[in-house]
Novice: 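Sending over a structure as C-alpha cells; questions will come in a sec.
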Amino acid sequence: MVDENIQKNKREQWKKQVMNNLKREAVKNIIAGMGDLARLEAKVNNTYTVYIKDGRMIKQPTNGKCVVINGKIQD
C-alpha cells in the first residue's frame, strides 16, 4: 500500500514536470512569434523595432543596421 502511494506521488510529480516544460516551450514559441511579427510590421510600415539584447536597448530599422540607443540598461 505504501509503495503504491509512493509510485502514485512520483507519477503525479512527473506529470506536473512534463506539463510545466510544455508550458515553457509554448511561451518561448509565442515570444519568438511576436518578435517575428514585430519585425514584419516594422518592414510593412517602414519603421523600426526596439528590443533589449545583452542588457542594451537596440533600435533596428528595416535595413538591418542595429543602433544602441542609450547604453547599458539598469536592472
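Atom set for the values below is all heavy atoms of this structure, side chains included, hydrogens, waters and symmetry mates excluded.
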Novice: Do you know the tightest heavy-atom contact between Thr49 and Ala42?
Specialist: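 It is CG2-CB, 3.7 Å.
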Novice: Taking the side chain as C-beta and beyond, is there a heavy-atom pair between Met19 and Lys16 under 4.5 Å?
Specialist: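 A side-chain contact is absent here, since even the closest heavy-atom pair is not under 4.5 Å.
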Novice: Can Tyr48 and Gln60 be said to form a side chain to side chain contact (heavy atoms under 4.5 Å, CB included), step by step?
Specialist: CA-CA 5 Å; Tyr48 53 87; Gln60 184 178 13; 5.8 Å; no
Novice: Roughly how far, to the nearest 0.5 Å, is the CD atom of Glu4 from the CZ atom of Arg11?
Specialist: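 Here the rounded value is 9.0 Å.
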Novice: Of Asn20, Leu22, Val27, which meets side chain to side chain contact (heavy atoms under 4.5 Å, CB included) against Arg24?
Specialist: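 For Arg24, the side chain to side chain contact (heavy atoms under 4.5 Å, CB included) test succeeds with only one of Asn20, Leu22, Val27, which is Asn20.
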Novice: Does Met57 form a side chain to side chain contact (heavy atoms under 4.5 Å, CB included) with Val50? I'd like the steps, not just the answer.
Specialist: CA-CA 7 Å; Met57 190 176 281; Val50 176; 3.7 Å; yes
Novice: Using a 3.5 Å distance criterion without hydrogens, assess whether the side chain of Asn45 forms a donor-acceptor pair with backbone atoms of Thr47.
Specialist: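 No.
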Novice: Kindly compute the distance separating CZ (Arg39) from OH (Tyr51), expressed to the nearest 0.5 Å.
Specialist: 7.5 Å
Novice: Within the 4.5 Å heavy-atom criterion, are Ile58 and Ile52 side-chain neighbours or not?
Specialist: no
Novice: Within this structure, what is the OG1-CG distance for the pair Thr62 and Leu40, rounded to the nearest 0.5 Å?
Specialist: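 CG of Leu40 is found 11.5 Å from OG1 of Thr62.
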